[in-house]
J.: 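Sending over a structure as structure tokens; questions will come in a sec.
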Amino acid sequence: MFRRKRSAEDFAEEIKAHLELEADALESEGLSEGEARWKARREFGNIRAAQERFYMKGRWVWLDKLWRDLRFGFRSLRQSPGFAATAILTLALGIGANTAVFSVMNAVLLKSLPVADPDRVVYLRTTNPPHGTGTVNSTETFSYPVYDAFRRQARGLSSVMAYVPLSGSKVSVRYGPQPEEAEGDMVSGTFFSGLGVNLPHGRGFTEQDETNHAPIAVLSYNYWTRRFARDPDVLGKTLYVNSVPMTIVGIAAEGFEGVEGGGSTDFWIPMQSRPELNAWGNPLEDGKTYIANPTWWCLRMIGRLAPGVTRAQAGAQLQPVFQTAAYVGLGSPPKDIKPPVLSFADAKGFAGNDEVYGKPLRMLMAMVGLVLLIALMNVVMLLLARNATRQREFSLRQALGAGRGELLRQLLTESLILVAAGGAVAWGFAVLATRLLGRWAEIESSLAPDKTVLLFTLAVLVFAALLFGVAPLRIALAGRAELALKTSAATSNANAGKSRTGRVIVALQMALCVVLLVGGGLLIRTLRNLENTPLGMKVDGLVVFGVKPNIPSIPEGVAFYVNLMNKLRVLPGVESVTVMAERIGSWWSDNSDMMVDGRLPDVANGASRTVRSNMVGPNFFRTLGVPIIAGRDFADSDTATSPHVGIVNEEFAKRFLPNQNPLGHTTGLDNGQYTMTIVGVVKNHKYRSIDEEPIPMAWYMYAQLPIVGSMDVEMRVHGKPLAILPSARKAVQQLDPNLPLIRPMTQRAQFDMTISHQVLFARLAGFFGVLAVVLVATGLYGTLAYRVNMRTAEIGVRMAVGAGRGQVVWMILKDSLLLTVAGVVMGVPLAMLVGRALASSLYGVKPLDAASYLLAVVGVAVVALAASALPAGRAASIDPMKALRTE
Amino acid sequence: MATQENNDDRIALLQGTLDLLILKTLVLGPCHGQGVARLIQRQSEDVFLVDHGSLYVALQRLEDKEWIRAKWGVSDNNRKARFYSLTPKGREQLVEKTSEWRRLTRAMGLILDSGNERQGEEA
């Protein structure tokens, strides 16, 4: 079919030859020359038709027709560029927003781990571990003896992999002369082999490496690219991790960035057993690392199901092993308490992501779904309006012999052009948006749209194309051929002007708009509340950074921090300096029940006894700017040899020592350790995050406890807080040249991070709310303007028989007000449902917050009025004579 | 673009029969389009109407299928004309189509005749 051997000219030539031959023959049969020619021509029939059939037959007819339709479509769209631009942009926004949110959802929640056969890989989970243990996460972490037992008798699992971060945040590493920070995990020897992660360069770990605690490291492809510019020579070089030399032996496959979501792991080392490399970067407890400490549940585990074993079978087989191992170091399990139960979770999406991102993402997906719905409706309405005005064109074309099929094809082609253009813009928009989203949400794993996302977008596009092609067809066909003969504008457009479909769509859009505005309003009020939450301290002027020194012994550790604080205090511009074990505003806290005056306190109404504690340095509260209500702050004179002192907050005093002067009472851990005398009471202030409720808190003086490890330094400075960092870095490196400043930032930025998800969620929700309003406004304006246009003749008649301008304006406004009322009546109950679904994401706002609803309703009404004002004004200024003459 | 119906007393050709007739005509030797039309008309004792436009489109179709081939030449009365002749593939097709057509007409005849008989019996 691609070859067209014969030209149309050749064919025409043959027909000409035929006519001559036929004429000759007829002449020889006795006709005159003229008669013969005429008869030959008549006998032949329609020459043009034959030529057309020849032309059609020679090519890929449908492609040819498509091409013609496309050209025609482009031409007719170019005639109304405003319509085309609005439709394409509307589509791009609607589809782009969906693609962006879906690709984030896909990357974070749906995608499987980039490992071999991910369906057989499971995260290990437990119910609450036994009493007397400490955990990092009460359902996701296990003790070393549990891992060890699983490794030895992995019934039902073909391999068990343990992994644990070297730090809650980043750990200090050094490759060249400059110390840096990176995210690193200690992993079992089976980690790479068990997961089936390839190492294109070098090698992974073996069980031998784990047993020997081999000083070797594997880099992630991403880190290798980012830090080492994919230099193949790094293999065999040394990477110092917390000053411990590790030889780089391999690079993991591209795309594998660890098995935890959100962050990305930079390097892995085999499980170590030395104080500098304890799990989570914690200081040793009683001189024991995580391996020697059976009551610290700190390891995460992931397993691969053995071939042919189901999850339930593997769980049942491992449960007895788990129960025995769980009580190692705790004596025999108590009879009356339920033992912890092992379970498995999908290695789909990343562990923990569902909690943090799942709900907001699903809500966002629903929101952008509504936005898409509004956008689609808009375009449908635009098409309806446009095609209604083209009814004469369609009638004319039908009258000239175009079939319904041809009209349908034409309409489908036009919608195809719109959808393709909209889709292309949407894709670009989505790629950009996911990049921004990733940055805002601080999700380091790749969010870029992939094949699944592409399929999703294509599905939406196909749906849109069909919808846009078929919906307006009804109108196009309604105009039958004879309509073209009617010349009256009033009669031929009368039906279209009163189209009920248009009214229903507008009312629906208003309803969706109310829902989106209420949702967005609630979340933005939440955001305002969060941002304006008093922290209980003077947070401006504070800068914080972490240090992780080498600490051979407790006194040396304390001496390091004393030295460091002394060095920092004398820097120009520094007002005061302190240290803390847990950085405030970073979600971390030590939680435990505490004794008061040697016994567990009685609490009223079954309130919790949990106390959040922190180990801090001298001048802690003065540095933070937290008011001291009674007593004093910690001082340099509080040392290991002086009486042990502690400070509590108001909530602690109110709950455990009601109506008493707390000063002079003692408090300490529930096992009797670390008892201290309360010497100060401070006002409640935020510890872990901005949105926490007041909770009893207690502070130890770090120098008086036999635990000292990595700490965070808090400095109050004059001027720009971050400007102090270079001189602070110098001071730290005078003490130890290997130490980087870990996560240096202002304290304000640190606290803001605790609401970054809410902030992002609220901003996006607000953005989509505004987008919906804009779309609804344009849609409404378009529809009303079009309806007024259709009724020009009618309005002219009305005015000619005496209707005043005011009456005409009212007629138009009444119409849109009615639609608004209908929309609001539908929208408010829907919004209440949405508000209830949002309840857990709100802070300081009720799901039935009257103000948000009122604002949404007023907002929709204002948009409706504004969108109708212009067409109404235009209607009122119609000159009756002119209007009647449009006939 | 719809083509108009032909209002003629003569029988319009059945779908697909034109191809067979062209092939049969060309068995006698190369011939141009006008000659093919005349031959068909004459041999059918003027029963068949050959729509000339359709004929040329059919000729082109057969040429594309490589059942016939064409060459510009000069006619008996010295006119330029495009001459068509059968290819070996065309000959095979002729045999096949002819037997197909025979079977078809025989079957048609059986049905039509049997109907008559039954009517006769009833009467």
Side-chain angles (χ1 to χ4, degrees), chain A residues 1-29 33 36-37 39-61 64-65 68 397-407 409, chain B residues 1-10 12-13 15 18-19 22 25 30-42 46 48-85 87:
Chain A
M1 294 285 183
F2 294 108
R3 65 205 156 94
R4 284 193 60 217
K5 294 185 287 194
R6 260 185 102 182
S7 67
E9 288 73 38
D10 194 70
F11 188 72
E13 186 74 18
E14 187 178 12
I15 291 175
K16 210 175 118 204
H18 167 95
L19 293 177
E20 282 163 1
L21 285 166
E22 184 74 13
D24 283 352
L26 289 170
E27 236 176 296
S28 70
E29 283 165 18
E33 195 191 324
R37 272 180 194 286
K39 195 168 179 216
R41 213 163 239 287
R42 206 195 53 163
E43 290 272 291
F44 191 91
N46 192 341
I47 296 175
R48 286 240 151 248
Q51 282 174 336
E52 190 177 312
R53 276 157 74 194
F54 170 79
Y55 179 83
M56 292 295 202
K57 188 195 56 57
R59 40 184 70 202
W60 238 356
V61 176
D64 195 48
K65 282 187 179 169
R68 263 193 321 174
R397 293 182 60 196
Q398 284 196 59
L400 288 179
R404 290 184 167 213
E406 303 243 299
L407 276 187
R409 227 186 40 231
Chain B
M1 60 171 285
T3 47
Q4 299 300 311
E5 294 293 316
N6 246 308
N7 307 319
D8 206 298
D9 289 343
R10 288 176 289 189
L13 282 174
Q15 187 88 42
L18 185 56
D19 288 4
I22 292 171
T25 314
C31 188
H32 48 67
Q34 189 257 352
V36 172
R38 286 244 148 185
L39 271 170
I40 290 176
Q41 227 153 302
R42 197 173 309 143
D46 281 332
F48 284 152
L49 161 85
V50 180
D51 176 65
H52 293 168
S54 309
L55 174 76
Y56 282 99
V57 174
L59 282 169
Q60 188 56 44
R61 185 169 59 236
L62 295 180
E63 195 183 333
D64 286 344
K65 287 187 191 161
E66 291 176 4
W67 293 358
I68 59 175
R69 65 171 85 88
K71 209 161 68 182
W72 282 96
V74 181
S75 74
D76 303 338
N77 51 357
N78 255 347
R79 295 246 181 226
K80 210 178 100 177
R82 206 160 183 264
F83 282 81
Y84 294 91
S85 55
T87 62

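We name chains A, B, ... by the order of the sequence lines, and we start the count at 1 in each one. Side chains included, hydrogens not; waters and symmetry mates left out as well; all remaining heavy atoms used. A quick note: this is a predicted structure, and the numbers were derived from the prediction, not measured.
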J.: So does Arg38(B) have more than 12 non-hydrogen atoms from other groups sitting under 6.0 Å from CZ?
T.: yes
J.: Could you tell me whether the side chain of His32(B) reaches within less than 4.5 Å of the side chain of Glu14(A), counting heavy atoms only?
T.: no
J.: Which pair of heavy atoms, one from Trp72(B) and one from Asp10(A), lies closest together, and at what distance?
T.: NE1-OD1, 3.1 Å
J.: CG/Leu19(A) to CZ/Arg79(B) distance, rounded to the nearest 0.5 angstrom?
T.: 11.0 Å
J.: Return the minimal non-hydrogen interatomic distance between Ala17(A) and Ala81(B), and the atom names on each side.
T.: CB-CA, 4.4 Å
J.: What residues form a ring pair (Phe, Tyr, Trp, His ring centres under 6.0 Å) with His18(A), not counting sequence neighbours?
T.: Phe44(A), His52(B), Tyr56(B)
J.: With sequence neighbours excluded, what pairs up with Lys80(B) under the salt bridge (charged side-chain N to carboxylate O under 4.0 Å, His left out) test?
T.: Glu13(A)
